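Working notes, structure below.
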Amino acid sequence: MASFDGEVSALRPWRGLLVWSFFCFALGAILLPPPFVGLADNSDFARAVQPMGLVPGEHPRYVHAFRHFRLTESAEGSFLRLLQPDVRNELGYLSSQFLMTKAALALNDTIKRMMGWNASLFDIRFLGVLYIVLYAVGLTLFVSKLEAKRTLARGVAFAATFVVFCDIGYLLYFHSFYGEAMILASLLLTAGSVLWCVYGEPTRKRALLLYYAASFLFVSAKVANAPIGFLLAAFGFVLLPLRRDAASRAIVIAGSASLLVFSIAFYASAPSWMKQVNQYQSIFFGVLKDSPSPAKDLEALGIDPKYAALAGTHGYMPGAAYDIYGETFREEVYDRATYGDILRFYAAHPERFAEKLRISADASVFLRPSYLGNYEPDAGRDRYSFAERFSIWEGQRKRAAGFAFPIVLFVFAGYLAAIARAWYRRARSPDRRDPRSVAAAGAALLLTATAGMQFVVPVLGNGEADLQKHMFLFAACFDLMLIVGAVRLADRIRAKHATAATATALLLVAAAQWTQGPESASVGAASGLRVGDTVQLGRSENKPLLWTVIAKEETGYLLWSRFAIAAKPFDAKDETLPASEPSASYGSNDWATSDLRRWLNREFLANLSSEERNLLNAASLKTLGSSLRPERLPIGDQPHYWSSLPRDAEQNYDRAYGRYAEDLVFPLDAQQLSRFVAGRGVSAAKKTTPRGEPTAYWVRTPYAGSASMVRIVGEDGFVYHRDAASVRIGVVPAAFLRADVAIQVGSGTPERPYRVAAASPIARVPQ
């Protein structure tokens, strides 16, 4: 049993208090020091702050996190008005996070009045502190009550819980008004109370009371959690054999029945606008997204095929062809295709559903949305910058992108096999009626079922919209599964198996490295230049420029620089805006008029001799544009959706707004990055030199919803976006090499790159 069980001896409650104090200190040390970090508003804050008497939408959304929020007049004047402001809940949204926000408002008011500060400004750090205190209780219970008989297992439990659940990717939610903050805190509190109920003293009532209190907080944190209330209510009855006294049984029966009724009522209380937009996205941004035949799919769902034009659109796109909140749309779409119909559609098309789950699994590797900034405007960081303090675990999670789906299936299969084996052994064992072992198996099944439900519900209930955020609960549950599994293995491993386990772990790490793929892996034709070959062409700063062949097209061989050659703004200033306009300093994301285009095709080309420049072919390239400037975009009918995963970066590329431009040298765009880099299993990450630091670099594709934001590939190899005027982003040029070049010397490796010249036919020179 875990070493911190407070009911074993009189001294052990002090250990629990010590662990709680440690977690409080550690969480505070990670989240609270300056500069302030949090999560920017993606438009969801309004539904959580407006009923609290706070001003919603005061700050620019997405780009920066903010710590101060102003109270409205209805919430000022007295403590009672603060807790019960005279405001109507305009969006009808309800959540248990309101309780924490009200407590934080009271704490903010009390302390600021005592210190003589302005109490009309709410400092969100008070909310962060309250979440830290509650979260630390859950972490302490989880670590203390998790069954671990050996010292190694107890060490694994503590270290893994600290590294995983103290990651900044999780903690940033505490400085926000997202429901995920309450979800995380109440999830750990629920998990800890489950373990306390299973392994604690069965005559005590506190564990049961905490379990139901935590479950109510968890279920009501977000409407999407309501179905989990059924699982939590059912688990209560698994505890009945452990609780033989009448009072405990009454608590279980009353608690589970109340939780079941509450879950149904809470789901029914969801505002109609939320239900409708979710259903819209589950159909048009789920079933129909990337569908080969949208009209047929609509017929299968019982919807008029005339709505096929909406395929691939989400519920928040401007200029929709239909009123998706209108009565006609409700009758012809929402009433005809229920979630049951959507589930039956996927059951009839399992390959489509599997692909949706693959996308969901890859989205779940991110703990915080990669489209939200973490710093305040005055922090001296680029807009959309991310906090990296103590983000070890999120960094490791992101390495699983591309093969997250098989990992998820493997872990679920392992859990189900272990549960089945445990039940089989108990059925054949003389003590098969041991209530504690039955409850332990029930707890494992509860965790597995909750994680499984959250793996499939987001795409069923909301399509592919905002998957990174919607997969948050699954990510947290999956991390719990990993920790519990690691502790169980550590408890059972013997010394003679340690070497084999270490070797297995090293093989898994090597496999993860291998999936990134060497950039020079040749997979092309048997003669001439091959995809993956390295070519030397030109010099920069007295060093040879090395290029990798990443594709062979009609225009020629597509070369891509092996390294970032410089750090340059994409565009220093937007000349289409008045100089007095602040946003002009962000630059323009229009490639056709950009400073980077001019620099690459003038100054950079000077690094090549005239003979080398003659080896390049000018290419007419489709370049996407901002949907805010449609007058510049003669082709396409949709904004370009973006994904942090290079593999999926080209989604809806063919329908996206854009135009053609001819260039000799250019950065890759989203489609080229997706097809010719990620599609080959090669990491998109780049360095400045072979031994240099990883660097972010520009992609030739704008963020469609902005006039200044351009896609970049970050140091970690994932796609993000930054203002065009940023001076910190590197340049990785690409160009088309003529197809009639001949290899003069070299072996095509980075150490001995090919030198090429104009000649025909192509012939390799023996080495």
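Just so we're clear, the structure is a prediction, and the values are computed from it rather than from any experiment.
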Run the ring pair (Phe, Tyr, Trp, His ring centres under 6.0 Å) test on Y170 and F472 for me, step by step, so that the C-alpha distance in whole Å, both residues' side-chain angles and the decisive distance to 0.1 Å come before the verdict. CA-CA 9 Å; Y170 279 126; F472 175 84; 5.7 Å; yes
Main-chain N/O of S74 paired with D86 side-chain donor or acceptor, under 3.5 Å: no
R125 and H175: side chain to side chain contact (heavy atoms under 4.5 Å, CB included), yes or no, with the steps? CA-CA 6 Å; R125 289 176 297 181; H175 281 165; 3.6 Å; yes
Any side-chain to backbone donor/acceptor pair from Y212 onto G236? Under 3.5 Å, distance only. no
So that I can tick it off, tell me whether D341 and R336 are bridged by a salt bridge, with the cut-off set at under 4.0 angstrom between side-chain N and carboxylate O. no
Would you check if the side chain of Q97 reaches a backbone N or O of M182 as a donor-acceptor pair within less than 3.5 Å? no
Give a yes or no on whether the backbone of R204 and the side-chain of R243 come within a donor-acceptor separation of less than 3.5 Å. yes
Atom OH of residue position Y267 - does it have more than 12 heavy atoms of other residues, nucleotides or ligands inside 6.0 Å? no
F235 side chain reached by L445 side chain, heavy atoms, under 4.5 Å: no
Students often mix this up, so state it plainly: with edges at 30° and 60°, are the rings of F405 and F455 parallel, tilted or perpendicular? tilted
Of all heavy-atom pairs between H314 and Q281, which one has the smallest distance, and what is that distance? CB-OE1, 3.7 Å
Whether F177 and F122 hold their rings parallel, tilted or perpendicular, with breakpoints at 30° and 60°: tilted
Is a donor on one side and an acceptor on the other found under 3.5 Å between the side chain of K205 and the backbone of T203? yes
Donor-acceptor contact present, side-chain D167 to main-chain E394, <3.5 Å: yes
Taking all non-hydrogen atoms of both residues, which atom of Y211 and which atom of V194 are closest, and how far apart? CE1-CG2, 3.5 Å
Can you check whether T72 reaches L54 side chain to side chain, under 4.5 Å on heavy atoms? no
How many angstroms lie between atom OG of S272 and atom OH of Y325, to the nearest 0.5 angstrom? 9.5 Å
Given side chain to side chain contact (heavy atoms under 4.5 Å, CB included), test D109 with L71 step by step and report yes or no. CA-CA 11 Å; D109 185 79; L71 289 167; 5.8 Å; no
Has the side chain of H470 got a donor or acceptor atom that lies under 3.5 Å from a matching backbone atom of A465? yes
Nearest heavy atoms of L91 and A46, plus distance in Å: CD1-C, 4.5 Å
K469: which of N462, N42, D44 passes side-chain hydrogen bond (donor to acceptor under 3.5 Å, both in side chains): D44
Quick one: are Y339 and S282 in side-chain contact, heavy atoms under 4.5 Å? yes
With heavy-atom distances below 4.5 Å as the criterion, would you say the side chains of L171 and V37 are in contact? no
Any side-chain to backbone donor/acceptor pair from K145 onto G200? Under 3.5 Å, distance only. no
Rounded to the nearest 0.5 Å, how far apart are CG of L184 and CG of L473? 9.5 Å
What are the two closest heavy atoms between W20 and V133, and how far apart are they? NE1-O, 3.4 Å
Run the salt-bridge test on R397 and D479 with the 4.0 Å N-O cut-off and return the result as yes or no. yes
Determine yes or no for a side-chain-to-main-chain donor-acceptor pair under 3.5 angstrom, with D491 supplying the side chain and A153 the backbone. no
What orientation do F474 and F412 show, parallel under 30°, tilted 30 to 60°, or perpendicular over 60°? parallel
Using side chain to side chain contact (heavy atoms under 4.5 Å, CB included), reason through L141 and L210 one step at a time and then give a plain yes or no. CA-CA 11 Å; L141 276 173; L210 180 62; 3.3 Å; yes
What's the spacing between L39 CG and L172 CG if we round to 0.5 Å? 5.0 Å
With a sphere of 6.0 Å drawn around CZ of F25, does it hold more than 12 non-hydrogen atoms of other residues, nucleotides or ligands? no
Determine, step by step, whether K356 and Y346 satisfy the side chain to side chain contact (heavy atoms under 4.5 Å, CB included) criterion, reporting the C-alpha distance in whole Å, the side-chain angles of both residues, the deciding distance to 0.1 Å, and the verdict. CA-CA 10 Å; K356 298 296 181 184; Y346 281 127; 3.9 Å; yes
Are R330 and D335 packed together at the side-chain level, in the sense that at least one heavy-atom pair is separated by less than 4.5 angstrom? yes
Looking only at non-hydrogen atoms, find the nearest pair between G315 and I324 and report the distance. O-CD1, 3.7 Å
Are Q279 and V333 close enough that some pair of their side-chain heavy atoms sits under 4.5 Å apart? no
Just so I know, are the side chains of S248 and L208 near enough to count as touching, which here means a heavy-atom distance under 4.5 Å? yes
Relative to the ring of F45, is the ring of F69 parallel (under 30°), tilted (30 to 60°) or perpendicular (over 60°)? tilted
Smallest separation among heavy atoms of S364 and A475, with atom names: O-CB, 3.7 Å
Which of parallel (below 30°), tilted (30 to 60°) and perpendicular (above 60°) describes Y131 and F174? parallel
Distance from F142 atom CZ to S193 atom OG, nearest 0.5 Å? 12.0 Å
One should read off an interatomic distance between F23 CZ and T140 OG1, to the nearest 0.5 angstrom, of 6.0 Å
What do the steps show when you test Y173 against Y135 for ring pair (Phe, Tyr, Trp, His ring centres under 6.0 Å), and what is the final call? CA-CA 12 Å; Y173 285 94; Y135 188 46; over 10 Å; no
Point-to-point distance, once rounded to the nearest 0.5 Å, from CD1 of I132 to CG of L127: 10.0 Å
F262 vs F266 aromatic rings, parallel, tilted or perpendicular, using cut-offs 30° and 60°? parallel
Would a 4.5 Å heavy-atom cut-off, applied to side chains only, mark I264 and F230 as touching? yes
Just by distance, do the side chain of S256 and the backbone of A233 share a donor-acceptor pair under 3.5 Å? yes
